[in-house]
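Residue numbers begin at 1 in each chain, while the letters A, B, ... track the order of the sequences.
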Amino acid sequence: MNRFEYIKAPSIDEAIDMMDSTVPEAMVTKTGGSAKVVKAAGTDLLDLIKEGILEPGRVIDLKNIPGLDKLSYDKEKGLAFGPMVTIADLENSPEVKKHYRALHEAAAHAATPQIRNMATMGGNLMQRPRCWYFRSNGHHCRKKGGTTCFAQIGQNQFHSIFLTNVCPCVHPSSLATALVAYDGKVELTGPEGKRVIPLSEFFTPSEVDVTCENVATSQEIITNIMLPPVKSGTRAFYVKHGQRESYDWSMGDVAVVMQMDGKKCQDARIVFGAAAPIPLRREAAEEELKGKTISEKVIAKAAEKALEGATPLAQNGYKVPLFKNLLKRTVTEAIG
Amino acid sequence: MANPNKKKIVLPVAPDNQAHGPVKHLHSKKVKLPYGVPGHGLTEMEREVSIDEPPPLPINEKLNVVGKRTKRADAIYKVTGTAKYTSDIQLPGMLYGKFLRSPHPHARIKSLDVSAARRYPGVHAVHVLKMEPGGSVERDSGHDAPAETYNIEELPLLRYVGQPIAAVAAESQYIADEAARLIKVEYETRPFVLELDKARQKGAPIVFEKVIEDEGNEGDVGVTAAEDQEGNLRGPSTGSFLGGPRGDVEKAFAEADFVLEREFRTQVQTHCCLETHGVVADWQPDMLTVYASTQNTAGVRDDLAELFGLPKSKVRVITEYMGGGFGSKFGAGHYGVMATILSKKAGRPVKLMLSREEEHISAGNRPNSHQMLKMGFKNDGKITAIDLTSYGTAGVGLGAGVGRIAQDMYECPNFRTAQYDVFTHAGPGAAFRAPGNVQGVFSVEQMIDEAAERLGLDPLKYRDVIDKHEVRKLMRLKGAEAFGWEYKKPGSDPGPIKRGFGMAQGQWTRFINLNSSATVRINKDGSVAVMSSVQDIGTGTKTILAQVVAEELGLAAEDITVKIGDTLYPDGPGSGGSVTAGSITPAVRNAAYKAKMDLLGQVAGAWDVEIGDLEMKNGDVYSRSDSSKKMSFGEAVKKMRTNQIMATASRPDDYGGFEIGNGIGYGRLGSVQFAEVLVDTETGFIKVERVVAAHSCGRPLNPMQVESQINGGVIMGVGYALYEDRILDLNTGHQINANLDQYKLPYSKEIPKIETVIIEHYGAFSSTDASGIGEPANIPTAGAIANAVYNAIGVRLYELPMTPQKVLTALGVS
Ligand SMILES: Cc1cc2nc3c(=O)[nH]c(=O)nc-3n(C[C@H](O)[C@H](O)[C@H](O)COP(=O)(O)OP(=O)(O)OC[C@H]3O[C@@H](n4cnc5c(N)ncnc54)[C@H](O)[C@@H]3O)c2cc1C
Ligand code: SF4
C-alpha cells in the first residue's frame, strides 16, 4: 500500500472538485501516486490499493456527504436510491422485497453478510473486475494498459463466454444483473451538472475501451439509481450460482423480469451476469418468450437462443449448459 | 555448518528402521491393563513394565477427570481475544520484517541493489540470502550459515515464484513493505516447467542439475536413493517405512477373476493456516528469544542453535498460542532464520509474519498426485494383488508419495508400488495432515467401491470381507447405525437433483515420539503446575495435560496450571503425525505419579501409615484402612517439608515395545466415514449434507476435544474434495488464487452436519493408553464424498476437486 492523502468530502460539489480521475484512469493514465479518486465503503478500493495495483495520491471519502443513503419507493415513480445505500439496505427493504423480487434475491445472494452491511451500491456499480490476472500485481494485462490478455492464453474457467475477443473478464457486479433486467438508470453528477443514462448503456464492453467498464468520466459521481415502477403482472426472479453457497463470486447468474398476462408473456427482459464483461441482455431469448404462452418447450427454446453466439474459452465450456439450465430455472421460478 | 540440502524427516522413524527388542528394566513388574473395547469383549492384557510405572489406569467409565467432556482450558482467552498469538506479540523497540521474493519461476539474479532500501527512512537492517545453490528445500532456505556479505554469483538460482531473495527490517510494516519494493533486481529468466506430466518429458527444463541428497521423503516415503534422480524425476520409491514389495504381483493378476485399472488425480492443496507462518526474534547478547508460530518449539530451537552456532541453552522458543500448522510449521523456516538474522543485525527484536499470499506460495502445500492403480480380485471378493504407480510434485520439495493406504490397509499378499517425486518450478510441499494417506484413500476406496459393485455387494458389507482390522469393523457397524446406512442403486434418483450415500475408510500409523518429557510441580500452597516444551497447536493439549495430572492427584482439571510451549521447560514432542497425545500424556502422568508418591511419602510419615494405604481422590488425601485419617489436598501439602515437590518423567517405550524402530507402535488407527450428498446434475453443484465419522484414538482423554478434531478433519476433507485448488498460471508460474477469496475454503454453509462416533479402544500401550486423532480425522473424507457422488449420479469422478465444471463434464453435458 502506498502513502496517500485522505479527505472526507462534505458535499457532492466539493467531492467533484477534489477528484480528478476514475479508478480505471488512476490505474492506466494517472499512475504513480497522482490520481485523486473517490471512496465509498472501500471494500473494493482498499483491496486494489493493498494489492498494489492502484496507487492513488488522494482518496476522497463520500461517507460524510448527507442524503446519499436514502431509499424511496413510489407507485408512480418506482424505486430510487442513493449511491451510499448498502446491499444490506436493499436486501432488507420491504418495498424491494415486495415489488422487485429479482433485486431482492440478487442483494440477498451477493458477497457475505459483513460485506453487504458495508458495500454501497454506487461502489458496487463502479467496482473493478475480479479477473485473477487483473488483480495480480505480477500481470500487466490489457485492462491495466498492457498488451497481453493472460486469461485468453491461461486460466479462464471463471471467465466470459460472450464478448471474449479483447478482454473476457466478467463484470463483477451481480446486483447489476438484476438492475439491468429492471431497466434501471443511473444519475451521474459532474462539473457540468447531472445526466441520467440507462444502465444498459452505462456499462461498456471491452471493445469500446478495455481499460474501463463504464461511461463515468474523471469527475463524475453516481448520485442516484432509479428503477421504473412495476406493473401488476410483473413476474421476476434471479438465480446466482457459485461454487460455494456461503459466499462466492458468481459462476453464472440470471435475472428475468417478465410482464405476464395470465400464462401469456407480453414482455420479457433477460440478463446474464458473469457471462460477459458487461451484464448481458439476451434479446433473442426475450423474443422467444414474448407473445407466447409459457411452457416447458418455450422456455427450452429460449434457453437455446440465449446461448447462441457463445464463444467459450478453453476452460469454461461448462458455462454454456450451466446458463441454459439457470435460465430455465429462473423463468420457471419467476412465473411459478 | 548445517548442510542446506538435508531435510528433516518429520515423522519419528528410527534412522535404521530396525525394530529393537523391548527396553530392559532393572526392576520390572507385571501389570494387567484394560484391553479391547468396553461393551465389546473388553479383556485384560498382562504387560511387563518398569517398576517406576504408575498402576494401570482403569477404563474411562471408572475415572473422574480423564475421559470426561472437559472445557478447553484456554477457551475463555481465545474467545475474548486475550490469548496472545505470535502475531500479537509486541516487544519494546520491535521492528517489522518484509521479504523480497522472486517474481519468476526460474531465473538467475544478474544484479541486485539494496542501497535505496537501506537508505529508506525507518529501515534498520537489510539482508540478502546467500544460499548454496542446489538446495532442495527453499522453504528452509535459511539453512545455510547466515552470511554477512555476498557475491552476486553466489546468489541462489531462483526456482519458484515466491522464493525468498532478501528482506528488510523497519520501524513499521508499511515502511518495511515499501522498502522491500525498493530493492532493485535484474533477472535473467530461464525456461520453466510447472506441470507434472510435462516435467517428466525429455527436454523439459531441469529444476535441479545437482542430485538432491535429502534423507527421505516425508510424504510417504520410502527412502529414495539420491542416485535415483534423472531429469526432474526422482524415484521410484518401492515401499515405505512399513516395508517393501511383497509376493508375486504378475502371477496374482493372472490368477485374479477380474482386474480393475484406473487413473486418479488429486490437486495441490495449501495449508491456509489462519495465523500465517512467522516469528518474533529477539537477539540479545546472552540469549536468543524467539516467539514462533510453530508445531515444534524444540525443533525451532535446535535449528536456530545449529545455524547460529549457539548452545541450545541460549536459545529460547516460545509458542503460547498457535493458529494452525497442519504439518507445515516445523523447522525454523526461512522466515524464522531471516528474522533472527535481521534482529542480530539491527540489535532490536524483529517480527516477521508472512502475508496471506506468501503463505500460499512459499509456506508449503500438499503435493498433487497422478495415481495409476491396478487391483486384482477373486469372485469371493478377496484382493489378490495391488499395483500402484504414482507421480506427484512437491514443487522444489519432496514428499509426493501416496502408497501407504494401498500397501497397508487391506490384507493382500501381493503388493508392488513405484512412486515418484517430480520436481517442478513451484513452491515447496510440506507435510500436510496425513501426508499421502488422504490422496491414497481417494484412489483405493473408490476402487474398492467399484469392485463391490462388480461383485454385487453393498460396499459396506464388502469391506467386512476384506478388512481384518477389528476396531474398524466396529466403526463400520456403529457408524452405519448412526448414519442409517442403506445401500442405494447408483444414479437411481429421479429429477435433476440426486441424493447419494457413500463411505470410505482410512488408516494412520501409531507414531510415538520418545523425546517427550514433562515436569510436575506441587507447591506448598496447594497449587500444581505441569510444564513441557510441547505446544498446544489448537488441538487442546493444554487441557488434556491438566486432566491427566488432575486425575492422578485427585483434583479437578481447573486446579492444574499448564505451562507449555516454552523450551525452558523439558523437551516435548513436535505436534505432527498425530503423536502428541500418545507421546506426552504418559510422560505427564508418570511425572504426576512420581510427585504424588513423594507427597504421599511425606504424608505417610506424618500419619505413620504405609504409602500404599494412601489414596488421593476428590480433592482429599486419605487412608484406605483408617477412615479417621483424611484431609484435604490443601491441608496435605502443608505437611510438605520443602516448599516444592518436583518430578520429571519421559515417555518410555510402548508397553510391549514397538513394531518398527523406536517410534512406530503396534496397531493402526483406523477410521470410517459416511457421507450424504446432493448433486445437481444441471449445474454440477455438489452439497455435502451430512457426514458420520467413526474414529478411535485409543483412550479418548477428552471426548469433546476429540469431536472437535474430527469436525476439523471432516471440514478440511470437504474443502479438499470440492473446493481447494492451488491454481498456477502456466505462462508465468504465479499462483493466481493466492488469497482466501479465489482459493476456496469451506465456509459455514459448506460445512455438513457432522456426527461423530468415538470407539474407546484400549491397547495397553502406555500409562494413559491414548493415541492421536488429528490426522485420522482427515483421511477418509474426500474418498467418502467421491463414493457418495458416484452413488448419486452413477458416474465416477476420478479427479479432485470435484467442481461443478468437472461434474458437468463427467455427465457429458458440456
Ligand atoms: C468478499 C467479497 C465478495 C463480494 N461478492 C460480491 C457479489 O457476490 N456480488 C457483487 O455484486 N459484488 C460483490 N462484491 C463486491 C462488493 O459488492 C463491492 O466491493 C462493493 O459494492 C463496493 O462498494 P464500496 O462502497 O465498498 O465501494 P468502494 O470500494 O469504496 O469503491 C469502489 C469503486 O467505486 C467508486 N465509487 C464509489 N462510490 C462512487 C460513487 N458514488 N460514484 C462514483 N464512483 C464511486 C470508487 O472510486 C471505486 O472505484 C464482493 C466483495 C467482496 C470483498
Ligand atoms: S480478461 Fe481482461 S482483465 Fe483478465 S487478463 Fe485478460 S485483459 Fe486482463
Side-chain angles (χ1 to χ4, degrees), chain A residues 1-3 47 50-52 55 109 111-113 115 130-141 148-158 161 239-249 251-252 254 303 307 312 314-329, chain B residues 101-105 161-162 173-175 177-178 181 355-357 361 496 680-687 718-719 722-725 727-739 741-751 801-814:
Chain A
M1 182 183 278
N2 70 312
R3 285 166 193 270
D47 269 5
K50 281 193 281 186
E51 282 151 9
E55 295 186 334
H109 287 95
T112 66
I115 298 275
R130 287 277 156 178
C131 167
W132 37 32
Y133 296 103
F134 175 72
R135 295 270 162 177
S136 147
N137 208 355
H139 297 87
H140 190 59
C141 76
T148 312
C149 169
F150 294 92
Q152 285 174 335
I153 54 169
Q155 298 294 321
N156 49 39
Q157 53 266 52
F158 300 121
I161 53 169
V239 168
K240 175 180 158 191
H241 180 67
Q243 203 173 333
R244 287 180 303 204
E245 273 182 290
S246 299
Y247 107 76
D248 209 345
W249 296 92
M251 287 174 121
V254 178
L307 272 301
Q315 298 173 336
N316 67 3
Y318 72 97
K319 278 197 176 187
V320 173
L322 177 67
F323 270 104
K324 280 185 197 166
N325 288 321
L326 291 180
L327 177 55
K328 288 185 206 164
R329 283 187 189 178
Chain B
R101 293 176 181 274
S102 173
H104 300 293
V161 172
Q173 192 66 57
Y174 293 112
I175 298 174
D177 291 0
E178 198 128 351
R181 276 204 296 269
S355 70
R356 182 53 60 193
E357 182 185 12
I361 65 179
D680 187 331
T681 54
E682 292 184 348
T683 62
F685 187 83
I686 297 173
K687 175 150 181 83
V718 170
L722 302 184
Y723 312 111
E724 297 181 48
D725 196 0
I727 300 176
L728 295 181
D729 176 50
L730 299 181
N731 296 303
T732 58
H734 284 246
Q735 183 186 346
I736 48 179
N737 61 346
N739 50 51
D741 180 30
Q742 287 151 323
Y743 184 97
K744 298 180 182 185
L745 293 173
Y747 291 152
S748 54
K749 284 190 190 164
E750 282 67 55
I751 296 171
M802 296 178 275
T803 59
Q805 182 186 3
K806 294 216 185 83
V807 173
L808 291 177
T809 307
L811 289 169
V813 288
S814 84

Could you look at B:Leu728 and say if it's the side chain, the backbone, both or neither that has a heavy atom under 4.5 Å from chain A? backbone

Counting only non-hydrogen atoms closer than 4.5 Å, does B:Leu722 touch chain A with its backbone (N, CA, C, O), its side chain (CB onward), both, or neither? backbone

Between A:His241, A:Glu245, A:Arg244, which has the largest tally of heavy atom pairs under 4.5 Å with chain B? A:Arg244

To the nearest 0.5 Å, tell me how far A:Tyr133 OH sits from B:Ile736 CD1. 3.5 Å

Which atoms of B:Ile727 come close to chain A, meaning under 4.5 Å heavy atom to heavy atom: side chain ones, backbone ones, both, or neither? side chain

Checking heavy atoms, do the side chain of B:Lys687, its backbone, both or neither come under 4.5 Å from chain A? side chain

Supply the atom-to-atom distance B:Gln742 CD to B:Gln735 CD, rounded to the nearest 0.5 angstrom. 10.0 Å

Portion of A:Asp248 that has a non-hydrogen atom of chain B nearer than 4.5 angstrom: side chain

Less than 4.0 angstrom from a charged side-chain N to a carboxylate O is my criterion; do B:Lys744 and B:Glu750 meet it? no

Checking B:Asp177 against chain A: side chain, backbone, both or neither under 4.5 Å from a heavy atom? neither

With chain B as the partner, which of A:Ile153, A:Val320, A:Leu326 has the greatest number of non-hydrogen pairs under 4.5 Å? A:Ile153

Is it the case that the side chain of A:Asn325 and the backbone of A:Pro321 share a donor-acceptor pair, with hydrogens and angles ignored and the cut-off at 3.5 Å? yes

Report the distance from atom CG of B:Asp725 to atom CD of A:Gln157, rounding to the nearest 0.5 Å. 8.0 Å

With a cut-off of 6.0 Å (strictly less than), are more than 12 heavy atoms of other residues, nucleotides or ligands near OH of B:Tyr174? no

Most chain B-contacting option - heavy-atom pairs closer than 4.5 Å, from A:Arg135, A:Lys324, A:Met1, A:His139: A:His139

Under a plain distance cut-off of 3.5 Å, with no hydrogens placed, do B:Asp741 and A:Tyr247 share a side-chain donor-acceptor pair? yes

Given B:Glu682, B:Arg181, B:Glu178, the one with more heavy-atom pairs under 4.5 angstrom with chain A than any other is B:Glu682

Region of A:Phe323 that comes under 4.5 Å of a non-hydrogen atom in chain B: neither

Roughly how far apart are B:Asn737 CG and B:Glu357 CD, rounded to 0.5 Å? 10.5 Å

Any side-chain donor paired with an acceptor under 3.5 Å for A:Asn156 and A:Gln152? no

Turns out that what part of A:Arg130 lies under 4.5 Å from chain B's heavy atoms comes down to both

Who among A:Gln315, A:Arg329, A:Gln155 has the most heavy-atom pairs with chain B under 4.5 Å? A:Arg329

